Amino acid sequence: MATATQPRSPAGDSSSESTAGVIPLLATAPASLVYLVLPDNTAMYISAVALGAEVNAEIIGWCTRALRRGGRPDAAS
């Protein structure tokens with residue numbers, strides 16, 4: 001007796017719901033990975049993502065200043 005398999009509906013796929021918190025952590029890595037060792041609650045998650053975003057913004061700003069400066073020495077040195 002052959003049975004037909006029913007196609008999966010997109011509504012039945014819950015993988016995006018279970019990985020929704022991973023995207024902000026990956027976007028602000030590596031500093032936000034400290035979240036993995038912090039107590040598990042929402043405040044720690046938000047603070048880890050905010051810390052990671054701040055660190056990444058500082059690094060991007062430093063790289064931008066270095067690239068705009070070119071071969072000239074840094075004025076702050």
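Since the model is a prediction, treat every value here as computed from it, not as a measurement.
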Exercise. Kindly compute the distance separating CG (Asn41) from CE (Met44), expressed to the nearest 0.5 Å.
Key: 5.5 Å
Exercise. Could you tell me which residues satisfy side-chain contact (heavy atoms from CB on, under 4.5 Å) with Ile59, sequence neighbours excluded, listed by chain and number?
Key: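 Per chain and number, Ile59 pairs via side-chain contact (heavy atoms from CB on, under 4.5 Å) with Val55, Cys63.
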Self-check item: Listed once per pair and sorted, the ring pair (Phe, Tyr, Trp, His ring centres under 6.0 Å) pairs that draw on residues 36-71, sequence neighbours left out
Solution: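 Output for this query lists Tyr35-Tyr45.
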Practice problem: Please report the closest heavy-atom contact between Pro30 and Asn56, naming both atoms and the distance. | Solution: CD-OD1, 4.4 Å
